[in-house]
Amino acid sequence: MPAAGGKPRSTDRRRFLRDAARAAGGCAIAGMGLTYLARDARALPAEALRPPGALPEDDFLAACIRCGLCVRDCPYDTLKLAELGEDGPATGTPYFTARDVPCEMCEDIPCVAACPTGALDPALDDIDDAEMGVAVLVDQENCLNFLGLRCDVCYRVCPVIDKAITLELRHNEVSGHHAIFAPTVHADHCTGCGMCEKSCVLPEATIKVLPMRLARGSSAEHYRRGWEEKELKGAPVVEGIIDLPDRLPGPGTDNLVAPGGFDPAFKLPGAGQ
Amino acid sequence: MSVKTRLPVGEEAIREKGWIGAHRFLLLRRLSQAFFLVLFLLGPWFGLWWVTGTLAGSRTFGVLPLTDPLVLLQGMVAGHWPEFTALLGAIIVLVAYGLIGGRVYCSWVCPINPVTDAAHWLHDKLGMPKGWQPKRNTRFWILGAVLAASAITGTVAWELINPITMLHRGLVFGMGFAWALVVAVFLFDLVVARRGWCGHVCPVGAFYSLVGARSLLRVSAANRQACDDCMDCYAVCPEQQVISPALKGKPGETPIILSPDCTNCGRCIDVCSVDVFAFTHRYDQRVVPLTEPAAPPATRNAA
Ligand code: SF4
Ligand code: SF4
Ligand code: SF4
Ligand code: SF4
Ligand code: SF4
């Protein structure tokens, strides 16, 4: 009964509009502040790894309700919830730091089973398919194996040994007659569990698990690998290509510079031979 | 009446019903708040994992899922359709609060409520001015803004600053700087705005009042004819605007406090020396007829 109160109706309407505008304005500002904060909080530090099965970060931040059930069900106390103001991911979301406590890759994946929202994707039923990150040997100059020793610890502890990480033999240029057993990560199989990083014997690990976005490059959409295409097709990709003889060194080949090969018809000036 | 109004708030009820009688629901409420907190702390403190998780999402005795419906709703507007467990948990919570009153969450469960109640107590003690009093519906606007921010950023936006879950998660998992937010809420209520946070700002409270808008459990001013206008209920009620329609209703108007803002805290029941208020269901239209006009003053003199 605004008119009955003795005030003209238009004053009331004007007051109502003014109040509504004020409320809307205030909320728009508050909302924008919150939006800004939310964008800011999306930056995930490189050493913070999400639990197995975590959706891609953008989706994860929409999905995770920060309940901590995954944290509670992890038997190795690997996971923690980010606390406000610490240098971690968005407050309340679960993560782990490989160098502190790595993921032990439980076969029954209790963390995923605990998640009520699907922020940890229940489609992950084989822990070997987890993609928490990728191990990268970030510092060859300090890695003991690269220095010619047989430390091998990162290789030995890997739960996916010989698939996710292998020792690649190569010549040791320093001693001239020894080998280097280079720890080599194969991203297809590495789950990012962090056992290797945790176990690296050096004061600062030379092998580190990085999030996919930092660890991996990507191939251009239109690039094709000839040998893969050929295998897929079961035949040469381009028909009618003449298979020229490979020029292997040694007698009886057509390698012109090989000892015992045919005499070169033309010699580079100054080429010693 | 002039003698009575000069009594401090609640004094008369204490004389009539004794201290315990005049603080019954307040005590029960504090017990309930402590109970829900301790349930979550049994695990981390004593290794009794009856209830795991936080207020945002929990699992009781390994089977019963409960999910904060507002947190889940933000996730949904941010673009994630949750798994069944979380949905079921939210539905259970919605049904429960839909029946007993959405803002029962506020007065009986929420861990921020003791903080803002303490701020209000101190505010009263210090005789501070009301301060900034934004419109009561501001919180609904904020609720809208929170959902919009979630949709725009694709994140559960309110959880970045929500002092309720921060405090709860802080106590159960580890505090970080979450205490700063709690202090901020306390100071806001103390210095900036009387009953500011829970009464005007908090979008969680706003959400729950929508949830409980048609709730069964209600407070009724059934005995309103006995009201002697001491105004104590207005003084203790965190949402005092809800009282008048029921208490001052004309004959024939409902004595039920129907406003969804009422938190079902029961303080009005406690503080009323003539027992005007009582818990009942929303369809209970009974009004106690005034039998003996002189009765209430008589008892008071006797006491
Ligand atoms: S797989 Fe096991 S160790 Fe790894 S995070 Fe999950 S529960 Fe923890
Ligand atoms: S259980 Fe799922 S929703 Fe809960 S904190 Fe872990 S990832 Fe987030
Ligand atoms: S993170 Fe290291 S230990 Fe774990 S799977 Fe990858 S290479 Fe192996
Ligand atoms: S209004 Fe908000 S902070 Fe206050 S008791 Fe209710 S939910 Fe908790
Ligand atoms: S009307 Fe009574 S029960 Fe409702 S909020 Fe006020 S004091 Fe609490």
Side-chain angles (χ1 to χ4, degrees), chain A residues 15-16 19-20 22-42 55 57-73 79-88 90-94 112-123, chain B residues 43-44 49 52-59 65 67-68 71-72 74-89 134-135 137-138 140-142 144-146 148-150 152-162 165-166 169-170 172-181:
Chain A
R15 167 136 43 80
F16 170 77
D19 285 347
R22 203 180 276 159
C27 287
I29 292 171
M32 280 187 309
L34 195 57
T35 305
Y36 176 78
L37 203 67
R39 285 183 186 279
D40 215 34
R42 282 194 293 202
L55 299 176
E57 188 64 11
D58 273 356
D59 301 333
F60 185 79
L61 288 180
C64 173
I65 57 170
R66 298 121 208 256
C67 65
L69 287 171
C70 51
V71 175
R72 289 298 187 220
D73 282 14
L79 304 175
K80 340 172 237 201
L81 288 187
E83 287 173 18
L84 187 67
E86 83 178 0
D87 233 5
T91 309
T93 55
V112 172
C115 180
T117 59
L120 308 183
D121 192 350
Chain B
W49 296 103
T52 339
T54 62
L55 278 181
S58 64
R59 196 181 53 220
T67 317
D68 183 320
V71 179
L72 203 66
Q74 291 174 71
M76 286 159 80
V77 300
H80 175 77
W81 185 257
E83 288 295 312
F84 178 70
T85 314
L87 278 177
L88 178 66
K135 283 243 159 14
N137 63 12
T138 306
F140 294 103
W141 288 90
I142 295 179
V146 160
S150 294
I152 292 167
T153 59
T155 64
V156 185
W158 182 243
E159 287 312 285
L160 292 170
I161 45 173
N162 185 355
T165 44
M166 292 257 187
R169 203 186 306 114
V172 179
F173 277 92
M175 197 55 106
F177 280 92
W179 57 265
L181 278 174

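Letters A, B, ... mirror the listed sequences (proteins, then strands); counts begin at 1.
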Subject >> B/Leu181 portion near chain A, given a 4.5 angstrom heavy-atom threshold >> reply: side chain
Original post:
Hey, which of B/Gly79, B/Gly89, B/Gly75 has the most heavy atom pairs under 4.5 Å with chain A?
Top reply: B/Gly75
Original post:
Which atoms of B/Thr52 come close to chain A, meaning under 4.5 Å heavy atom to heavy atom: side chain ones, backbone ones, both, or neither?
Top reply: both
Subject >> Part of B/Ala157 within contact of chain A (heavy atom distance under 4.5 Å) >> reply: both
**OP:** Below 4.5 Å from any heavy atom of chain A, which atoms of B/Thr165 appear? Answer side chain, backbone, both or neither.
**Re:** neither
Original post:
Are any of the side-chain heavy atoms of A/Leu61 and B/Glu159 separated by less than 4.5 Å?
Top reply: no
**OP:** For residues A/Cys67 and B/Arg169, determine if any side-chain heavy atom of one lies less than 4.5 Å from a side-chain heavy atom of the other.
**Re:** no
Original post:
Is the shortest side-chain N to carboxylate O distance from B/Asp68 to A/Arg66 below 4.0 Å?
Top reply: no
**OP:** List the steps, then state whether side-chain contact (heavy atoms from CB on, under 4.5 Å) holds for B/Thr54 with A/Arg72.
**Re:** CA-CA 11 Å; B/Thr54 62; A/Arg72 289 298 187 220; over 6 Å; no
**OP:** Drop me the distance from A/Thr117's OG1 to B/Leu87's CG, to the nearest 0.5 angstrom.
**Re:** 10.0 Å
Subject >> Gap separating the NZ atom of A/Lys80 from the CZ atom of B/Phe173, nearest 0.5 angstrom >> reply: 13.5 Å
Subject >> Engaged part of B/Trp49 at the chain A interface, taking heavy atoms whose separation is under 4.5 Å >> reply: side chain
Original post:
Between atom CG of B/Asn162 and atom OG1 of A/Thr91, what is the distance when rounded to the nearest 0.5 Å?
Top reply: 11.0 Å
Original post:
Tell me, side chain or backbone of B/Val172 under 4.5 Å from chain A's heavy atoms, or both, or neither?
Top reply: both
Subject >> Per-residue contact mode, B/Ile142 against chain A (heavy atom under 4.5 angstrom) >> reply: both
**OP:** Answer yes or no: is there a side-chain heavy-atom contact under 4.5 Å between B/Leu72 and A/Ile65?
**Re:** yes
Original post:
Rounded to the nearest 0.5 Å, what separation is found between the OG1 atom of B/Thr153 and the CG atom of A/Asp58?
Top reply: 10.0 Å
**OP:** Mark yes or no for whether B/His80, through its side chain, and A/Cys64, through its backbone, hold a donor-acceptor pair below 3.5 Å.
**Re:** no
Original post:
When only pairs under 4.5 Å are counted, which of A/Ala119, A/Ala114, A/Gly118 shares the most heavy-atom pairs with chain B?
Top reply: A/Gly118
Subject >> Student check: side-chain heavy atoms of A/Pro122 and B/Glu83 closer than 4.5 Å >> reply: yes
